[in-house]
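One structure is given below, represented as structure tokens, and several questions about it will come after.
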Amino acid sequence: MNTRRVFVKPNGWTSVSNAPLDLIAANLRRERDRTGMSLTELARKAGIAKSTLSQLESGSGNPSVETLWALGVALGVPFSRLVEPAVPRVQVIRAGEGPVIHSERAHYSATLLAACRPGTKHDIYWLALEPGGARESEPHVPGSVEHMIVASGRCLAGLADDPVELGPGDYIVYPGDLPHICKALEPGTTAMMVMEHTN
């Protein structure tokens, strides 16, 4: 099986999506349409100018974290719903890449790696890996998803038939309900793993 995977490019967004502003614009329009709110009503509820919201929905604005949080609250959705692209089955975000939103009030930036699906539970693991045989995992319960961020060293991880080489700071997400592997390529490899499941 050749599973589609997408790598996040240096501009922070995937090669199969448009620029971040276009994505935010589309997500804002989708969520505003879902609620049935007018531009005026949403701008008022979020405490921003109608012209600002209009620019954001046309993809020509430059939103801050605070503006997007306010819009998320007004729309009744998490911040991530406004900035996340559609996620493919396997996604890799290299260190220093990913969708970055900056604060206008502090020296702070946030890079969204993954948003939690509704009704899921999470188990968090610290992995210590050494070169040798690969850790081959059978499929977990249906709907399982594994997220991994490499802290040190290098490893090969992901779906058993299409693993990805990862280094420090790289992030990968893949279905845990398909056969998958993790193999250290350097001594002292460590990683943080989050297993997401519904039961």
Side-chain angles (χ1 to χ4, degrees), residues 4-124 143 145-149 169-175 192 194-198:
R4 177 172 172 248
R5 68 180 181 218
V6 173
F7 290 82
V8 172
K9 302 296 183 185
N11 68 2
W13 296 83
T14 66
S15 57
V16 295
S17 69
N18 295 323
L21 293 178
D22 290 342
L23 179 66
I24 290 169
N27 289 346
L28 277 170
R29 286 191 304 272
R30 179 195 68 225
E31 293 303 323
R32 187 169 65 79
D33 288 346
R34 179 188 57 80
T35 64
M37 279 192 262
S38 66
L39 273 172
T40 303
E41 184 180 2
L42 177 56
R44 183 186 54 75
K45 286 183 80 170
I48 65 172
K50 179 181 174 183
S51 59
T52 299
L53 178 57
S54 179
Q55 287 178 339
L56 292 178
E57 285 200 3
S58 69
S60 60
N62 188 18
S64 67
V65 170
E66 292 79 10
T67 299
L68 291 176
W69 273 110
L71 286 165
V73 170
L75 289 164
V77 298
F79 171 85
S80 59
R81 186 88 51 90
L82 301 180
V83 299
E84 67 183 349
V87 179
R89 288 182 60 170
V90 176
Q91 181 182 20
V92 178
I93 299 177
R94 298 295 184 191
E97 299 178 354
V100 180
I101 305 294
H102 299 278
S103 172
E104 61 186 20
R105 298 184 189 146
H107 295 291
Y108 174 92
S109 63
T111 301
L112 177 68
L113 296 179
C116 299
R117 297 176 299 160
T120 59
K121 298 177 183 178
H122 296 85
D123 300 323
I124 301 173
V145 175
E146 291 192 2
H147 304 259
M148 188 170 79
I149 301 172
D170 289 347
Y171 163 81
I172 185 171
V173 58
Y174 52 86
M192 176 74 71
V194 177
M195 183 179 292
E196 179 184 321
H197 53 91
T198 55

- Query: Where do V194 and H122 come nearest, in terms of heavy atoms and distance?
  - Reply: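 The answer is CG1-CD2, 3.6 Å.
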
- Task: Can you run down the ring-ring contact (aromatic ring centres under 6.0 Å, His included) pairs that involve residues 26-66, sequence neighbours left out, and say none if there aren't any?
- Result: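 Checked against ring-ring contact (aromatic ring centres under 6.0 Å, His included) - neighbours excluded - no pair reaches residues 26-66.
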
- Message: Could you measure the distance from the NE2 atom of H147 to the CE atom of M195? Nearest 0.5 Å is fine.
- Response: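 Between H147 NE2 and M195 CE, I get 10.5 Å after rounding to 0.5 Å.
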
- Measure across L68 and L82 and return the closest heavy-atom pair with its distance rounded to 0.1 Å.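 Heavy atoms of L68 and L82 come nearest at O-CD1, 3.5 Å.
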
- Item | Pairs flagged by ring-ring contact (aromatic ring centres under 6.0 Å, His included) wherever residues 39-77 is involved - sequence neighbours left out |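 For residues 39-77: W69-F79.
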
- Non-neighbouring partners of S58 that pass side-chain hydrogen bond (donor to acceptor under 3.5 Å, both in side chains), sequence neighbours left out: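 Expected list: S60.
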
- Short question: side chain of R32, backbone of M37 - any donor-acceptor pair under 3.5 Å?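 Answer holds: yes.
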
- Pairs meeting criterion ring-ring contact (aromatic ring centres under 6.0 Å, His included) with involvement of residues 23-44, two or more places apart: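 Qualifying pairs: none.
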
- Query: With side chains defined as the heavy atoms from C-beta onward, is the minimum distance between V145 and V173 less than 4.5 Å?
  - Reply: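 In contact.
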
- For G59 against L21, the heavy-atom pair lying closest together: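 So the two residues come closest at O-CB, 3.6 Å.
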
- Task: State, with a plain yes or no, whether a side-chain heavy atom of Q55 is found less than 4.5 Å away from one of L53.
- Result: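 No, too far: nothing below the 4.5 Å cut-off.
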
- Message: Would you say that D123 contacts H197 through its side chain, given a criterion of any heavy-atom pair below 4.5 Å between the two side chains?
- Response: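 Yes. Closest side-chain heavy atoms under 4.5 Å.
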
- Task: For R34, check salt bridge (Lys or Arg N to Asp or Glu O under 4.0 Å) against everything at least two apart and list the hits.
- Result: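 Testing R34 for salt bridge (Lys or Arg N to Asp or Glu O under 4.0 Å), a comparison that skips the adjacent residues, returns E31.
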
Output a table of donor-acceptor pairs, distance under 3.5 Å, between side-chain atoms of residues 39-52 and any protein atom two or more places apart or on a different chain; print 'none' if there are none.
unit_1 : atom_1 : unit_2 : atom_2 : d
T40    : OG1    : K50    : NZ     : 3.3

- Measure the spacing between CG of N27 and CG of L75 and express it to the nearest 0.5 Å.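 Atom-to-atom, N27:CG and L75:CG are 10.5 Å apart.
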
- How far does CZ of R29 sit from CG of L56, to the nearest 0.5 angstrom?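 Those atoms lie 11.0 Å apart.
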
